[in-house]
There are 2 protein chains.
Amino acid sequence: MLSKKTKYGLKALTFLAKRESREPIQIAEIAESENISQKFLESILLTLRRNGFLGSKKGKGGGYYLIKDPEDIPMTAIMRVLEGPIAMVPCVSLNFYEKCDDCPDENTCSIFGLMVKVRDANLEVYRNTSLADLIAK
Amino acid sequence: MLSKKTKYGLKALTFLAKRESREPIQIAEIAESENISQKFLESILLTLRRNGFLGSKKGKGGGYYLIKDPEDIPMTAIMRVLEGPIAMVPCVSLNFYEKCDDCPDENTCSIFGLMVKVRDANLEVYRNTSLADLIAK
DNA sequence: TGTATTTCCTACTAAATCTATAGGATAATA
DNA sequence: TATTATCCTATAGATTTAGTAGGAAATACA
């Protein structure tokens, strides 16, 4: 299941992407418009800023704004920052690889191959979708 | 992330599928061989039996055994029983549909389309993979 | 300079979910 | 009747997720 964090983050990003101007938008406005707890959204936008998706400005007239063109933001990047690994098991993750603690050998693991296929199928979708595609509709 | 429940369930199923005979195998043997807590595995095998994947026999010489040919068990069925919905949000789930509580309208939801694509990509993999494929290597 | 505004940041709490474990009931075998 | 192994419910512990609290820091503007 998609976490609320990711869901809200995506909604906030598309909200910002939809606007023509890149003027800062306040958290409160996004939260209200998208039906999200303001404090929770605050922490989400913060991680999006720290990971290079958003810029921010403090004080009156401040807020958050997109740093890049929506076309240049692939879903792979967003998902990895908000949701974590795209793979369902760490041992097939490209960006978060870890050995599975309960599995002695990847070569003989019965589900390894399936997990690779699932990962690749998801990557295919995420790589071919940008933030711009989410608002194209 | 794939839950341990699903992972263990899949490993148990492939363990049973690998054997030529369909004689009952004890939980203890599967648990030891696959490195799984016996009590936890017990509850997993129980749900697999209740959902028509396994048969069981009590008493001496008892245990669990596959009820169908591995070729006839698609991953879609196993995943839905062990892991739950294949979709990442309830509003695009084929078998577990629910309206998202925070989203007023699916038609205007910015991530709906993406979630459909992701669901379909995963379905494609799971529908084209059977339990037999997991042991084919 | 001072005040209002808005993000920044850490820590914490509450709720939900996942991962088991306990302990006995039930059924089959010999 | 003794032994074996699954059946079943309930519960405990651990982890993750979701959300909250409260103030610090920076900016705009009068």
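All chains are named by letter (A, B, ...) in the order of the sequence lines, taking the proteins before the strands, and each is independently numbered beginning at 1. In this text, all values refer to a predicted model and were calculated from it rather than measured experimentally.
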Phosphate OP1/OP2 of C:dA20 contacted by B:Y8 side-chain N/O (<4.0 Å): yes
From B:I30 atom CD1 to B:T14 atom OG1, the distance as rounded to the nearest 0.5 Å: 10.0 Å
Partners meeting ring-ring contact (aromatic ring centres under 6.0 Å, His included) with A:F40 (sequence neighbours left out): A:Y8
Every protein N/O lying under 3.5 Å from an N/O of nucleotides 13-15 of chain C:
none

Strand contacts (DNA chain D) in residues 12-31 of chain A, 4.0 angstrom heavy-atom criterion: none
Any side-chain heavy-atom pair of B:K11 and A:C103 under 4.5 Å: yes
Selection: residues 86-105 of chain A, any non-hydrogen atom under 4.0 Å of DNA chain D: none
Spacing of B:L41 atom CG relative to C:dA20 atom P, expressed in whole Å: 11 Å
Value in whole Å for how far the C1' atom of C:dC18 lies from CD of B:E83: 11 Å
Backbone of B:K117 reached by a side-chain donor or acceptor of B:D120 within 3.5 Å: no
Length of the CG-P vector between B:N35 and C:dA20, whole Å: 11 Å
Annotated protein contacts, base or backbone, on nucleotides 9-16 of chain D with a non-hydrogen cut-off under 4.0 Å, one of B, S, - each: S-------
Whole angstrom value for the distance that separates P of D:dG19 from CG of A:L45: 14 Å
A:S3 side chain to A:E83 side chain, donor-acceptor N/O pair below 3.5 angstrom: yes
Single-linkage hydrophobic cluster B:F96~B:V118, side-chain heavy atoms < 4.5 angstrom: no
Nucleotide N/O of nucleotides 22-25 of chain C paired with protein N/O under 3.5 Å:
from	atom 1	to	atom 2	distance (Å)
C:dG23	O6	B:K39	NZ	2.3

Any donor-acceptor N/O pair, A:R22 side chain to A:L16 backbone, under 3.5 Å: yes
A:R49 (side chain) donor-acceptor with A:S56 (main chain) under 3.5 angstrom: no
B:N122 side chain vs B:R119 backbone, donor-acceptor pair below 3.5 Å: no
Integer-rounded Å distance: D:dT20 C1' and A:F40 CZ: 11 Å
Nucleotide D:dA25, atom P - distance to NZ of A:K60 in whole Å: 23 Å
Side-chain (B:D69) to main-chain (B:E71) donor-acceptor, under 3.5 angstrom: no
Carboxylate-amine/guanidinium contact B:K18 B:E34, below 4.0 Å: no
Shared hydrophobic cluster, B:I25 / B:I67 (ILVMFWY, side-chain heavy atoms < 4.5 Å): no
Validation row: B:L10, B:M75 side chains within 4.5 angstrom (heavy atoms): yes
Residue A:K4, side-chain atoms from C-beta onward, closest of D:dA28, D:dC8, D:dA18: D:dA18
pair B:E29-B:F15: side-chain heavy atoms closer than 4.5 Å: yes
Along DNA chain D (nearest heavy atom to each residue), the more 5'-positioned of A:T6 and A:G59: A:T6
Presence of A:S37 side-chain N/O under 4.0 Å of D:dT20 phosphate oxygens OP1/OP2: yes
Interatomic distance where NZ belongs to B:K5 and P belongs to C:dT17 [whole Å]: 13 Å
A:K99 NZ: over 12 foreign heavy atoms closer than 6.0 Å: yes
Phosphate contact (D:dC8 OP1 or OP2) by B:R49 side-chain N/O below 4.0 Å: yes
Any donor-acceptor N/O pair, A:T129 side chain to A:V125 backbone, under 3.5 Å: yes
Whole angstrom value for the distance that separates C1' of C:dT6 from CG of A:L54: 15 Å
Side-chain donor or acceptor of A:R80 paired with backbone N/O of A:N95 under 3.5 Å: no
